[in-house]
Amino acid sequence: MNAQELLQIADDELILGWRDSEWTGIAPSLEEDVAFSSIAQNEIGHARALYELVSRELGTDADSLAFDRHPSEYRCAALVEQRRMDWAHAIARHFLYETADEIRLAALKQSDDGAVAGLAAKMDREEVYHRLHARMWNDRLQAEPRYEDALVELWPYALGVLAPNQRTALAKRVGREEVDAIERNGHSDELLELREEMTMVRRSVPGATW
Amino acid sequence: MVTEAQVWDALAEIPDPEIPVISLVDLGVIRDVAIENGNVRIEFTPTFLGCPALEVMRDAMANKIRDLGAEPDVQVLLDDSWSTDKITAAGREKLRVSGFAPPAPRGATDLVQLNRAVFRCPYCGSTDTRLENIFGPTPCRSLRYCAACRQPFEQFKTI
């Protein structure tokens with residue numbers, strides 16, 4: 001597993017963590033405030049662990065990878081960049097992403113690199129709880145046309161989360177026809193905005209600790 | 001010269017920052033202690049990678065080792081070697097007494113199992129409890145409700 005591939009996953013988890021955290025305080029119910037906040041915290045924890053692993057190889061540290069790279073160096077998928085979705089889209093993204101992530105983690109667990117395989121196994125165990133939550137909402141909303149529309153809209157983005165050889169498995173898992181994926185090429189303005197926001201303290205007071 | 005037993009005793013005094021009734025040793029997250037030339041190497045696993053208390057725990061361990069007059073080297077293991085099955089019997093009892101249902105054995109991690117598994121209310125002992133929210137105040141906790149004594153309580157997630 002090379003550093004760039006791990007960075008893709010780390011960036012996905014970091015940015016999705018931030019997006020999920022945008023529901024804190026405004027989710028449709030208090031229970032969902034708690035759930036999305038907790039999932040967000042854990043996704044960012046996964047990002048931190050992955051950055052840590054990559055940083056050993058690149059001779060840097062996790063925070064530098066998370067916050068100091070040029071925006072064009074982020075490797076996250078277009079699916080996780082999108083901001084301020086309605087609840088139908090938020091759940092559609094959550095369901096599609098967690099299903100894709102399960103396929104990706106299953107492959108990582110087979111890595112020849114013991115550190116990568118070990119971390120993937122740990123992440124996978126924790127992600128079980130994210131999947132349970134995603135599936136529960138998918139079951140609850142699946143008869144809603146608005147939810148189906150959101151799934152259709154986000155489907156090409158979800159395929160772009162995975163490597164081409166893993167996409168058929170995702171299509172099968174979610175019962176959809178494979179379409180052209182939206183690849184990891186360039187970034188939306190929404191990501192640039194988010195990066196400004198999440199690096200604000202670090203940029204304004206370099207080296208700050210607390 | 002510091003001994004391994006002294007290190008374990010010192011670490012047993014460190015409470016989990018989020019659930020202070022239980023120590024890091026009871027939680028089973030300290031995987032190994034080794035002493036070499038006065039340096040104390042500790043291998044430690046986070047409960048969940050998203051645990052917000054990770055750094056607090058790491059600093060608390062390092063400080064305890066310095067108090068013993070040795071130099072700490074705390075290694076955070078990013079693997080699957082810790083499981084809630086490693087929480088000691090004493091630790092499980094401490095959790096229960098303070099209102100946390102201890103985790104179910106590893107394996108009980110799908111929704112059907114979580115709904116069917118018997119979780120005893122830590123307050124009244126009834127098994128008439130249900131899952132309210134998979135997520136709670138920290139990544140390692142879920143929320144349950146006891147229909148017998150009408151008391152919500154927290155459950156340590158199985159990992």
Side-chain angles (χ1 to χ4, degrees), chain A residues 6 10 13-14 17 20-21 23-24 27 29-56 62-63 105 109 113-137 139 209-210, chain B residues 18 29 31 43-59 74-86 103-115 117 130-145 152 154-159:
Chain A
L6 289 178
E13 301 268 301
L14 177 71
D20 284 348
S21 77
W23 284 104
T24 304
S29 72
L30 190 57
E31 294 302 316
E32 288 310 315
D33 265 7
V34 172
F36 262 88
S37 305
S38 188
I39 291 169
Q41 188 179 50
N42 213 33
E43 298 291 18
I44 292 173
H46 291 172
R48 176 174 60 183
L50 287 161
Y51 286 134
E52 187 83 38
L53 212 59
V54 175
S55 71
R56 289 176 200 162
D63 279 347
L105 284 173
K109 280 160 72 175
D113 183 332
V116 172
L119 176 56
K122 172 85 175 150
M123 286 170 61
D124 192 42
R125 246 178 230 290
E126 300 181 0
E127 292 285 352
V128 165
Y129 292 100
H130 301 190
R131 277 173 225 144
L132 290 176
H133 178 260
R135 284 179 198 153
M136 179 187 78
W137 270 102
D139 291 350
T209 55
W210 59 85
Chain B
E18 300 277 358
V29 292
R31 310 296 313 131
E43 289 188 344
F44 153 86
T45 48
T47 53
F48 273 74
L49 293 166
C51 178
L54 192 57
E55 268 144 43
V56 177
M57 289 191 272
R58 191 162 51 187
D59 292 349
V74 181
Q75 295 289 328
V76 180
L77 299 182
L78 300 174
D79 67 16
D80 190 32
S81 61
W82 180 79
S83 146
T84 37
D85 292 353
K86 294 205 176 359
R106 204 179 230 199
T109 44
D110 74 38
L111 200 55
V112 177
Q113 286 166 317
L114 286 179
N115 281 325
R130 65 169 188 265
L131 183 65
E132 285 275 284
N133 193 337
I134 296 166
F135 298 96
T138 65
C140 63
R141 288 133 86 173
S142 295
L143 300 178
R144 294 187 74 88
Y145 182 76
E154 292 184 45
Q155 176 210 322
F156 210 107
K157 279 196 189 91
T158 298
I159 270 288

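The sequence lines fix the lettering, A, B, ..., with proteins before strands; numbering per chain opens at 1.
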Query raised in the report: So which part of B/Thr138 gets closer than 4.5 Å to some heavy atom of chain A, the side chain, the backbone, both or neither?
Result: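 The answer is the backbone of B/Thr138.
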Report task. Identify which part of B/Leu77 has an atom lying under 4.5 Å from any heavy atom of chain A, answering side chain, backbone, both or neither. Result ->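 Contact with chain A is absent: no heavy atom of B/Leu77 under 4.5 Å.
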Requested in this report: Check B/Cys51 against A/Arg48 and note the closest heavy-atom contact, atom names and distance.
Outcome: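 Distance-wise, the nearest heavy atoms are O-NH2, 3.6 Å.
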Student check: side-chain heavy atoms of [X] and [Y] closer than 4.5 Å:
X: A/Asp33; Y: B/Phe135; result: no
X: B/Lys157; Y: A/Glu126; result: no
X: B/Thr45; Y: A/Lys122; result: no
X: B/Ile134; Y: A/His130; result: no

Query raised in the report: Are the side chain of A/Asn42 and the backbone N or O of B/Pro139 linked by a donor-acceptor pair below 3.5 Å?
Result: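 No; zero donor-acceptor contacts below 3.5 Å.
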Who among [options] has the most heavy-atom pairs with chain B under 4.5 Å?
options: A/Ala47, A/Ala117, A/Gly45; result: A/Gly45
options: A/Ala35, A/Ala115, A/Ser37; result: A/Ala35
options: A/Ala120, A/Gly17, A/Gly118; result: A/Gly118

Report task. Answer with side chain, backbone, both or neither: which region of A/Leu119 has an atom nearer than 4.5 Å to a non-hydrogen atom of chain B? Result ->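 It is both, since atoms from each part get that close.
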Query raised in the report: Where does A/Glu52 contact chain B at under 4.5 Å (heavy atoms): side chain, backbone, both or neither?
Result: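 The side chain, not the backbone.
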Report task. Would you give the length of the straight line joining atom CD1 of B/Ile159 to atom OH of A/Tyr129, rounded to the nearest 0.5 angstrom? Result ->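 Going from the CD1 atom of B/Ile159 to the OH atom of A/Tyr129 covers 5.5 Å.
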Query raised in the report: Is the number of heavy atoms from other residues, nucleotides or ligands under 6.0 Å of B/Gln75 CD greater than 12?
Result: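 Counting neighbours around CD of B/Gln75, more than 12 heavy atoms of other residues, nucleotides or ligands fall under 6.0 Å, so yes.
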Requested in this report: Against chain A, work out which of B/Asp79, B/Leu49, B/Asn133 has the most heavy-atom pairs shorter than 4.5 Å and name it.
Outcome: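 Sorted descending by pairs with chain A, the first entry is B/Leu49.
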